[in-house]
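Scroll down for the structure; my scribbles are underneath it.
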Amino acid sequence: MMKKIISILLLAVTFNTAVIQGSFAQSSSDRDVQEHAEKIEKAIRKLRSGTDSKVTVNLWNKSKVKGYVSDIDDDSFTVVEKNGNSSTIKFTEAKKVKGKNLPAGVWIAIGAGAGMLVFAVAILYAISKN
């Protein structure tokens with residue numbers, strides 16, 4: 001009799017553990033999808049919209065969209081391709097984003113570096129003349 005009670009209790013504990021782990025695994029998966037979507041959104045917002053923001057988006061369904069970001073909404077963004085077709089893509093549909101749009105700070109740093117290089121060359125030239 002005692003063996004039956006212990007085996008039923010063990011079975012109940014095993015079943016409850018499996019159900020609890022399954023529910024945690026599902027919520028963890030939902031969290032991963034949300035975190036990935038937030039990373040995609042951050043990358044798209046960093047690129048900004050406009051014809052200069054070239055982007056290649058790999059989708060979870062194995063297709064690619066290439067063009068420029070024309071609009072960014074709360075849960076999606078729009079990419080206009082070379083042929084003029086526009087595709088609205090939800091952040092959760094995008095697997096990977098590659099973009100080409102340097103932020104203003106990078107252009108300022110490039111300009112400052114070029115200016116310093118010209119200044120250094122001018123100083124070296126002036127020193128070598130003496």
Side-chain angles (χ1 to χ4, degrees):
M1 179 70 165
M2 189 65 144
K3 288 183 180 180
K4 284 186 178 183
I5 292 173
I6 291 174
S7 63
I8 289 173
L9 286 174
L10 285 174
L11 183 64
V13 168
T14 305
F15 178 75
N16 283 336
T17 304
V19 169
I20 290 170
Q21 286 178 348
S23 66
F24 281 133
Q26 185 177 10
S27 64
S28 174
S29 174
D30 293 342
R31 233 186 337 233
D32 291 345
V33 169
Q34 187 60 33
E35 287 175 5
H36 184 73
E38 288 172 2
K39 287 179 184 177
I40 297 292
E41 180 179 6
K42 187 177 180 180
I44 292 294
R45 291 197 186 281
K46 187 176 179 181
L47 284 171
R48 299 185 310 266
S49 61
T51 55
D52 293 335
S53 60
K54 305 294 184 201
V55 71
T56 301
V57 182
N58 294 348
L59 302 175
W60 287 107
N61 65 5
K62 308 254 192 253
S63 63
K64 278 187 182 180
V65 180
K66 285 177 94 172
Y68 67 90
V69 179
S70 68
D71 190 30
I72 304 171
D73 293 327
D74 291 336
D75 61 344
S76 64
F77 60 101
T78 304
V79 176
V80 178
E81 299 176 68
K82 282 185 179 181
N83 59 12
N85 292 342
S86 64
S87 302
T88 300
I89 303 168
K90 291 185 179 186
F91 294 119
T92 54
E93 294 174 344
K95 182 178 182 180
K96 186 177 179 183
V97 174
K98 291 182 189 175
K100 297 177 188 174
N101 184 12
L102 294 176
V106 174
W107 285 112
I108 291 170
I110 290 171
M116 289 187 341
L117 180 65
V118 168
F119 182 72
V121 169
I123 294 291
L124 289 174
Y125 180 75
I127 290 173
S128 67
K129 281 289 195 178
N130 291 332

Name the atoms and distances for all side-chain donor-acceptor pairs under 3.5 Å in residues 56-63, with sequence neighbours left out.
{"from": "W60", "atom 1": "NE1", "to": "T92", "atom 2": "O", "distance (Å)": "3.4"}
{"from": "W60", "atom 1": "NE1", "to": "A94", "atom 2": "O", "distance (Å)": "3.3"}
{"from": "N61", "atom 1": "OD1", "to": "S63", "atom 2": "N", "distance (Å)": "3.2"}
{"from": "N61", "atom 1": "OD1", "to": "S63", "atom 2": "OG", "distance (Å)": "2.6"}

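- The distance from the NZ atom of K95 to the CD1 atom of I40 is 11.0 Å, given to the nearest 0.5 Å.
- Residues forming a salt bridge (Lys or Arg N to Asp or Glu O under 4.0 Å) with E41 (at least two apart in sequence, or on another chain): R45.
- Between K96 atom NZ and K39 atom NZ the span is 13.5 Å, to the nearest 0.5 Å.
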If you look only at distance, which donor and acceptor atoms sit under 3.5 Å apart when one is on a side chain in residues 64-88 and the other is two or more places apart or in another chain?
{"from": "T78", "atom 1": "OG1", "to": "T88", "atom 2": "OG1", "distance (Å)": "3.4"}
{"from": "N83", "atom 1": "OD1", "to": "N85", "atom 2": "N", "distance (Å)": "3.0"}

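- Atom CZ of F91 sits about 11.5 Å away from atom NE2 of H36, to the nearest 0.5 Å.
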